[in-house]
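Taking it in order: structure first as structure tokens, then the write-up.
A, B, ... follow the sequence lines: proteins, then strands. Residue 1 opens every chain.
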There are 2 protein chains.
Amino acid sequence: MSTTRQQIVEKTSILLERQGYHATGLNQIVAESETPRGSLYHYFPQGKEELAAEAIEFNAQQIAAHTRRSLAAYADPVAAIYHHLLAVAEHVASGNCSGGAPIAAVALETANSSERLRASCQLAYEAFRLPLEEKLLAGNFPAERAYALALTITAAWEGAMILSRTERSAQPLRIVAEEIRTFLLSGSPAPH
Amino acid sequence: MSTTRQQIVEKTSILLERQGYHATGLNQIVAESETPRGSLYHYFPQGKEELAAEAIEFNAQQIAAHTRRSLAAYADPVAAIYHHLLAVAEHVASGNCSGGAPIAAVALETANSSERLRASCQLAYEAFRLPLEEKLLAGNFPAERAYALALTITAAWEGAMILSRTERSAQPLRIVAEEIRTFLLSGSPAPH
DNA sequence: GTCTATACGGTGATAGAC
DNA sequence: GTCTATCACCGTATAGAC
């Protein structure tokens, strides 16, 4: 797989996360990824929409993989999820981060205007939720509970990302991580 | 207060909710609000940013007022919040809605590029949270719990809005509403 | 595969008449 | 207060040389 192509996709995913779809121009992508101008339409003949769709799917797979690795640190699903969320919160707080809320901006901007990008975002949110759901299932949460809880965690975390970015503070992420932990504990299946 | 001016602000708030900041052009605002082209820079001499800031604050006050009215229907805060969220979910499902997630798109797009709009969004999120917090306080939740819970509800609901828009289904909103109810019940202060 | 040049539409914003 | 005309700029996308 071409390095140039991969560089374009990765840089695009970062810019989309930070600025959203419409604020991210192809000129900026070419400039900041330091790739040849002529390569863009060579690798992505359908233009910006095709590139954005691929960047979103790339971003989603990266996050899903990272989440699975992170959750493997604890056998107990509640502890695993709690520590995973706290680690993400501190990573955001440290500033070494594209922004948090990896695809929310694109999802909101394009849900009504591009079926292709909407579908990519839907796949991405499933990719975010699945590692959580699997971990809860492995910890003996019933299937329906695991689904509803994983969906709720995904929603609460995405919302907390928005609040933290808006307030320029990791505090909302930290608070929501605590509340999620409390909630999961209150509904944990009895150990046997 | 001038009707023309108010029409511009209201239409802008709808378009920002549906499309975000960069996808919403001044031409579209003028056209769809059916206001005179010359009025825009007459009422908003600082241009698009000033108009957007006012639209966000208008939207926030509207939602806060609606939330307070809606929460007044039940004395018990858990029941009040639950029924309020369900009503919003069905309103979104009905389609008579600008989109849900009133300011999330703008918040994400502008958090890193416009201090003014970031500040407006921060105020808006406080306006969303306060009615919930007040209701919980009135129901004898301790102050710190009321704050953390109201913040978490705000985050989870904003995230659920994004998921529902992306999936084109009110199901995420309904599920998250149920989970929030369960969570609040598990942590309710003992009645006396 | 990559480059340069360019077409063409739309953007926010301004000037000046009325 | 409102209208029209116009500005300079930037967006995506394309054509054709190399």
> Taking atom CD1 of A/Ile56 and atom OG1 of A/Thr110, what is their separation to the nearest 0.5 Å?
Replying inline: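 Answer for the CD1-OG1 pair, A/Ile56 versus A/Thr110, is 6.0 Å.
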Separation of [N] [atom2] from [X] [atom1] (nearest whole Å):
{"X": "B/Glu50", "N": "C/dA13", "atom1": "CD", "atom2": "P", "value": "10 Å"}
{"X": "A/Leu40", "N": "C/dT4", "atom1": "CG", "atom2": "P", "value": "15 Å"}
{"X": "B/Phe44", "N": "D/dT2", "atom1": "CZ", "atom2": "P", "value": "12 Å"}
{"X": "B/Ile29", "N": "C/dG12", "atom1": "CD1", "atom2": "P", "value": "7 Å"}

>> Whether B/Lys48 engages the ring of B/Tyr21 as a cation-pi pair (distance to the six-membered ring centre under 6.0 angstrom, angle to the ring normal within 45°) should be assessed.
In response: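 Here B/Lys48 passes the 6.0 Å and 45° test against B/Tyr21.
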> If the sugar-phosphate is the primed atoms plus P, OP1 and OP2 and the base is the rest, what is the B/S/- string for nucleotides 9-16 of chain D, using protein heavy atoms under 4.0 Å?
Replying inline: --SBBB--
> How does protein reach along nucleotides 3-8 of chain D, written 5' to 3' as B (base within reach of a heavy atom under 4.0 Å), S (only sugar-phosphate), or - (no contact)?
Replying inline: BB----
>> What I want to check is whether the side chains of A/Asn112 and A/Arg118 have a donor and an acceptor closer together than 3.5 Å.
In response: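 There is no such pair between these side chains.
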> Any side-chain donor paired with an acceptor under 3.5 Å for A/Thr4 and A/Tyr43?
Replying inline: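 No, A/Tyr43 and A/Thr4 have no side-chain donor paired with an acceptor closer than 3.5 Å.
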>> Looking at A/Arg129 and A/Glu158, is any side-chain nitrogen of the basic one under 4.0 Å from a carboxylate oxygen of the acidic one?
In response: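 Not counted as a salt bridge, because no side-chain N and carboxylate O are separated by less than 4.0 Å.
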> Does the distance from a Lys or Arg side-chain N to an Asp or Glu carboxylate O, for A/Arg174 and A/Glu90, drop under 4.0 Å?
Replying inline: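 Salt bridge: yes.
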Identify every side-chain donor-acceptor pair in residues 91-99 of chain B under 3.5 Å, counting partners at least two apart or on other chains, and give the distances.
residue	atom	partner	partner atom	Å
B/His91	NE2	B/Asn96	O	2.9
B/Ser94	OG	B/His91	O	2.7
B/Ser94	OG	B/Asn96	N	3.3

> Should the pair B/Tyr74 and B/His83 be assigned to parallel (<30°), tilted (30 to 60°) or perpendicular (>60°) ring geometry?
Replying inline: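 It falls in the parallel class, under 30°.
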